[in-house]
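Here is the structure we will look at.
In what follows, chains are A, B, ... by sequence order, proteins preceding strands, each numbered from 1. Atom set for the values below is all heavy atoms of this structure, side chains included, hydrogens, waters and symmetry mates excluded.
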Amino acid sequence: MGPRLAFGACASVARRYRGHEEASMAEYRPEEIEKRWQSYWEEHRTFRTPEDRTRPKYYVLDMFPYPSGAGLHVGHPEGYTATDILARYKRMRGFNVLHPMGWDAFGLPAERAAMREGRHPAELTIENIDNFRRQIKRLGFSYDWDRELSTTDPSYYRWTQWIFLKLMERGLAYQAEVPVNWCPAQGTVLANEEVEDGRYVETGDPVERRLMKQWLLRIPAYAERLLDDLEELDWPESIKEMQRNWIGRSEGALVRFAVEDVADATIEVFTTRPDTLFGATYMVLAPEHVLVDSITTSAQRAAVESYRAQARNKSDLERTDLAKGKTGVDTGARALNPVTGETIPVWVGDYVLATYGTGAIMAVPGHDERDWEFARAYDLPVVEVISGGDVTEAAHTGDGELVNSGFLDGLRVAEAKGRIIDWLEERGLGERRINYRLRDWLFSRQRYWGEPFPVVTLEDGTVRPLPEDALPVELPHVDAYRPTEDGEPPLARARDWVRTTDPGSGAPALRETNTMPQWAGSCWYYLRFIDPHNDELAVDPELERYWMPVDLYVGGAEHAVLHLLYARFWHKVLYDAGVVSTKEPFRKLYNQGMILAFSYRDGNGKYHHPDNVEERDGEWYVKGTEERLHTQIEKMSKSKLNVANPDEVIDRFGADALRLYEMYMGPLDQTKPWQTDGVRGMHRFLARAFRLLAAEDGQRAARVVDTSAPRELEQALHRTIRKVTDELEGMRFNTGIAALIELLNELYRVEEVPVDLARTFVLLLSPFAPHLAEELWEGLGGTETLAYEAWPEVNERLLEEETIELAVQVNGRLRGTIVVTKDAAKDEVLAEARTVENVQAHLDGRTVVKEIYVPGRILNLIVK
RNA sequence: GCCGGAGUGGCGGAAUGGCAGACGCGGCGGAUUCAAAAUCCGCUGUCCGCAAGGGCUUGUGGGUUCGAGUCCCACCUCCGGUACCA
């Protein structure tokens with residue numbers, strides 16, 4: 001909030017210049033300007049990444065998009081604009097900037113479209129990429145298009161396969177029979193996200209669990225490092241926290257319970273509360289637990305079997321969703337509590353997850369809410385072992401003194417934990433254990449449109465990795481993208497491709513018909529951008545050492561866990577393998593907020609297009625009718641008729657206006673609603689800048705003259721340089737733009753715009769609205785692109801000498817303002833303040849008991 | 001339930017503990033125009049007042065401070081994530 005300066009603004013000046021403008025009124029035509037400069041940049045290869053490595057580097061990366069058939073929506077350019085602004089700013093600051101774009105193009109939508117249309121997914125993918133590229137280029141982003149890559153390109157996925165071999169070499173990839181979501185109606189396997197309530201979300205077809213041989217990656221082997229290394233990252237705390245929760249480290253103990261009358265049967269449980277072992281009055285196994293069969297008594301077998309069958313047919317979601325009541329069946333088996341020596345019943349219950357811990361628990365109903373609920377339902381005994389609650393009323397999960405616990409009695413929970421673990425370890429009944437929620441990563445998909453696995457299986461079942469020189473294993477052509485009739489993945493249709501020989505021994509072998517998940521390609525693309533055309537290596541080590549890590553990575557928060565965790569995992573494996581030099585790939589992460597939009601719905605729930613509604617007295621109506629509408633802010637979607645399309649916005653207002661609006665809407669990381677009128681405002685600002693500085697003939701406006709700026713104007717300029725620079729560094733683009741608008745408003749108030757000042761303004765504007773800036777720069781005498789011009793420097797001395805309006809308060813209430821220098825002495829300020837009539841009035845007849853003066857901030861006089 | 005984040009004009013939003021509402025949108029008035037659009041100038045939180053000026057105002061209630069949108073405590077609402085994790 002600087003002082004408002006008046007540079008002799010008056011109507012007569014405005015009138016005089018209006019006359020002049022009419023004579024050579026320059027009209028802002030973004031479509032011409034933008035086309036022209038986009039061609040210029042392309043022809044001159046303006047944004048090619050520099051080869052030299054003597055300057056500091058800045059690697060700024062967008063999460064590359066999946067090129068969907070729907071094309072770009074206005075959410076995409078939000079993050080892309082932010083990174084582009086920074087890329088342009090950093091170039092002007094003398095950095096070598098790496099700013100690439102590519103395509104995460106494997107994936108299900110293209111495959112499904114291929115099935116529907118009977119075309120090859122590659123063909124559809126190329127079309128979609130072409131469309132995305134066209135749309136992205138229209139926004140004038142300064143990507144180095146020589147480095148464009150697609151995960152679907154064999155020259156790219158060759159190295160994805162190569163990294164898989166590294167994972168195998170290091171024992172991190174293995175095959176196992178695991179349950180998958182099989183949809184018989186679709187004849188395909190579905191991802192977990194596609195299944196809800198046991199049905200395929202798109203068609204409602206039932207989904208069942210099926211055991212299939214899958215590839216898995218041992219990501220938990222890196223759990224500790226993935227957790228610890230989060231500390232050093234400049235990431236949003238919320239994302240770090242989500243990753244911590246996902247990894248789910250918990251400390252506790254593994255405890256072994258012998259089963260009565262069943263030789264060799266030992267039930268292992270993981271517990272974070274070994275201190276409550278004396279209160280373990282029963283046990284529960286997950287329905288899938290391997291011991292269920294062998295320990296169930298014949299009397300209970302039928303009941304247990306039917307319970308297990310029921311559980312099997314429920315999806316994970318259904319099982320966990322039914323939080324209302326817990327169910328289970330007694331197996332009839334009895335286990336021995338290792339510390340009390342008492343026999344306790346062993347139940348089966350689906351509130352115990354097969355996939356967490358050991359798939360079995362010791363139940364301590366007195367001190368665990370879930371166990372308490374189960375015990376209550378089946379009338380199982382509850383024993384209090386921690387005092388401080390009433391276990392007949394509810395589980396007491398807090399701290400307290402141990403009771404009914406033999407040698408632990410009198411201890412607090414923390415001490416008791418240590419003591420009991422020591423006791424268990426001495427007797428070989430258990431041990432200290434750190435458990436992770438993070439599970440092995442299911443890494444295969446029964447799909448066509450993904451990376452083939454670089455392995456073959458010999459007749460005896462041994463799986464052999466292919467040698468490096470056999471890469472890439474390219475996707476074969478198949479006659480259809482459906483699974484085979486007997487449920488094999490689509491690749492099984494390529495019989496001749498599947499039947500091959502082991503390159504090592506020449507023995508007959510079969511290729512893998514699963515493909516990798518979509519996450520694979522995005523796990524390392526940031527490395528390939530560094531050296532995208534290298535045929536010998538995934539990435540040249542010298543280049544890698546120069547460019548890594550990524551200095552800034554911008555994308556949506558929806559990738560908070562999976563993509564970002566998987567990529568970190570691969571990166572650490574590559575680090576161990578000596579392929580990369582940094583422990584972490586992304587130094588700074590930033591999540592752009594979601595862009596929502598207003599939608600309009602009538603009483604029947606039918607949506608109306610924003611072009612077809614109008615506001616009257618604060619209420620919304622269908623245009624020209626009395627039909628009242630309900631408006632709300634929602635995610636953009638076709639069905640809600642509230643999608644903003646970047647192509648249309650650019651057609652109407654230009655790319656620079658769209659870029660500006662995307663940034664001006666609010667803080668980058670916030671969720672915010674789209675309002676097309678806001679784009680109009682930005683267009684207006686750009687047109688004003690154009691009219692002020694440019695003439696119709698492509699030269700500068702007559703009002704721009706070779707003169708030096710008056711002091712106050714010079715100060716206003718440097719204030720703006722300071723502000724815009726600070727806001728860019730802090731990624732506060734909205735307020736940076738506001739500062740530019742303010743400066744332009746000041747310039748409209750003066751008769752003459754000094755040409756040097758105009759040039760500086762254009763440089764400040766250029767990262768935000770590069771097309772217009774280039775056009776103006778040329779008109780102001782520039783002979784080539786301004787992309788590598790030096791960023792304006794602040795003249796600090798000029799700012800220090802600025803005078804400001806200082807607020808004068810009496811008893812904390814504003815009574816006037818005085819104009820003083822920033823660091824004016826107290827005496828001077830006090831004297832000046834007393835001359836203000838309104839201040840005087842409030843001091844009159846009272847005594848000043850305290851004078852609070854904060855230079856440059858405030859003067860507060862306390863009176864009695 | 002738990003973990004994040006946010007509540008400020010008609011709307012989007014701005015404010016290192018120091019003039020709340022920058023900037024933009026919208027609205028109102030004026031200039032220009034045959035007219036409209038566009039453009040330019042001005043006004044625009046709210047209440048009282050002819051005015052000068054004053055009161056009130058950042059989800060609610062308390063507190064700290066000369067001074068609180070900002071810090072502390074309690075609560076309410078909304079958004080995002082996550083959930084039988086033993």
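Taking atom CD1 of A:I737 as the reference point, atom C1' of B:rA22 lies 14 Å away to the nearest angstrom. Rounded to an integer number of Å, the gap from A:M242 CE to B:rG5 P is 13 Å. B:rC78 atom C1' lies 11 Å from atom CD1 of A:I633, rounded to whole Å. Across the protein-nucleic acid pair, A:R722 atom CZ and B:rU16 atom C1' stand 13 Å apart, rounded to whole Å. Put simply, CZ on A:R680 is 10 Å from P on B:rU39, counting in whole angstrom units. Distance, A:K672 NZ to B:rG7 C1': 17 Å, rounded to whole Å. Per the geometry, CG belonging to A:L660 stands 15 Å off C1' belonging to B:rG12, to the nearest Å. At whole-Å resolution of the value, CZ in A:R684 and P in B:rG12 are 19 Å apart.
The side chain of A:E742 approaches B:rA22 more closely than any other nucleotide in the set B:rA22, B:rC66, B:rG13. Nearest to the side chain of A:I741, among B:rG24, B:rC66, B:rC19, sits B:rG24. Between B:rC19, B:rA14, B:rA86, one nucleotide has an atom nearer to the side chain of A:N734 than all others, and that is B:rA14. Distance from the side chain of A:R813 is smallest to B:rC56 among B:rC56, B:rA86, B:rC19. Taking every side-chain heavy atom of A:N745 into account, B:rG24 is the closest of B:rC19, B:rC84, B:rG24. Distances were taken from every side-chain heavy atom of A:R437 (C-beta onward) to each of B:rC41, B:rA14, B:rA83; the shortest belongs to B:rA83. When the nucleotides B:rG42, B:rG12, B:rC84 are ranked by their closest atom to the side chain of A:R749, B:rG42 comes out on top. Here the nucleotide nearest the side chain of A:R857, chosen from B:rU16, B:rA86, B:rA83, is B:rU16. The listed nucleotides are B:rC66, B:rG13, B:rA86; the one nearest the side chain of A:K850 is B:rC66.
Pairing of B:rC43, defined by two Watson-Crick or G-U wobble distances under 3.5 Å, is identified with B:rG27. B:rG4: Watson-Crick or G-U partner is B:rC79, with both key distances under 3.5 Å. Pairing for B:rG53 is with B:rC48, a Watson-Crick or G-U wobble pair whose two hydrogen-bonding atom distances lie under 3.5 Å. Pair assignment for B:rG9 gives none, since no Watson-Crick or G-U wobble pairing has each distance under 3.5 Å. Across all strands shown, nothing is found opposite B:rU32 as a Watson-Crick or G-U wobble partner with both distances under 3.5 Å. Base-pair partner of B:rU60: B:rA74 (Watson-Crick or G-U wobble, both distances under 3.5 Å). Using the Watson-Crick or G-U wobble rule with both distances under 3.5 Å, B:rG17 pairs with nothing in any strand shown. Using Watson-Crick or G-U wobble geometry with both donor-acceptor distances under 3.5 Å, B:rG69 finds no partner in any strand shown.
A donor-acceptor contact closer than 3.5 angstrom links the side chains of A:Y356 and A:S250. A side-chain N or O of A:R688 and one of A:N745 form a donor-acceptor pair less than 3.5 Å apart. Defined by atom type and a distance below 3.5 Å, a donor-acceptor pair is present between the side-chain atoms of A:T735 and A:E727.
Judged by closest nucleotide on RNA chain B, A:M682 is the one of A:D371 and A:M682 placed further toward the 5' end. For the pair A:G359 and A:N811, both in contact range of RNA chain B, the more 5′-proximal nearest nucleotide belongs to A:N811.
Within the 4.0 angstrom heavy-atom criterion, only backbone atoms of the sugar-phosphate kind lie near A:N838; the bases stay farther away. Here A:P236 lies out of heavy-atom contact (under 4.0 Å) with every strand. Among the protein residues, A:E851 comes within range of no part of the nucleic acid, since none of its heavy atoms lies under 4.0 Å from any strand. Base engagement by A:I852 is indicated by at least one non-hydrogen atom pair under 4.0 Å involving a base atom. Counting non-hydrogen atoms under 4.0 angstrom, A:R249 reaches nothing in the nucleic acid.
An OP1 or OP2 oxygen of B:rA14 is reached within less than 4.0 angstrom by no side-chain nitrogen or oxygen of A:R732. The phosphate of B:rU65 (OP1 or OP2) has no side-chain N or O of A:N860 nearer than 4.0 angstrom. Considering only side-chain N and O atoms, A:T671 lies nowhere under 4.0 angstrom from the phosphate OP1 or OP2 of B:rG80. Close to B:rG54, at under 4.0 Å from its OP1 or OP2, lies a side-chain N or O of A:H842.
Here, B:rA22 and B:rA15 have their P atoms 12 Å apart, quoted to the whole Å. Rounded to whole Å, the C1' atom of B:rU58 lies 12 Å from the corresponding atom of B:rA14. For the P atoms, the distance from B:rC79 to B:rC73 is 25 Å, rounded to whole Å. Taking atom C1' in both B:rA31 and B:rG69, the straight-line distance is 39 Å, to the nearest Å. Comparing the P positions of B:rU70 and B:rG18 gives an interatomic distance of 11 Å, to the nearest angstrom. Look at the P atom in both B:rG17 and B:rG7: the space between them is 15 Å, to the nearest Å. Nucleotides B:rA37 and B:rU33 are separated by 15 Å at their P atoms, to the nearest Å. For B:rC56 and B:rG62, the P atoms lie 15 Å apart once the distance is rounded to whole Å.
Taking a 6.0 Å sphere around NZ of A:K822, one finds it holds more than 12 heavy atoms contributed by other residues, nucleotides or ligands.
The base of B:rC23 sits within donor-acceptor range of the side chain of A:Y664, with an N or O pair under 3.5 Å. Contact annotation: side chain of A:D677 to base of B:rC25, donor-acceptor pair absent below 3.5 Å.
In this structure, CG on A:L859 lies 9.0 Å from CD1 on A:I852, to the nearest 0.5 angstrom. In this structure, CD on A:E78 lies 9.5 Å from CH2 on A:W674, to the nearest 0.5 angstrom.
Across all non-hydrogen atoms, the minimal contact from A:V269 to A:M362 is CG1-N, 3.6 Å.
Judged purely by atom type and a 3.5 angstrom limit, A:Y661 has no side-chain atom pairing as donor or acceptor with the backbone of A:R680.
Cation-pi check for A:R29 over A:F690 is not met; the charged atom does not lie both under 6.0 angstrom from the ring centroid and within 45 degrees of its normal.
Ring geometry, A:F598 versus A:Y600: the interplanar angle falls under 30°, so the pair is classed parallel (tilted spans 30 to 60°).
The glycosidic torsion of B:rG12 lies more than 90° away from 0, placing the base in the anti range.
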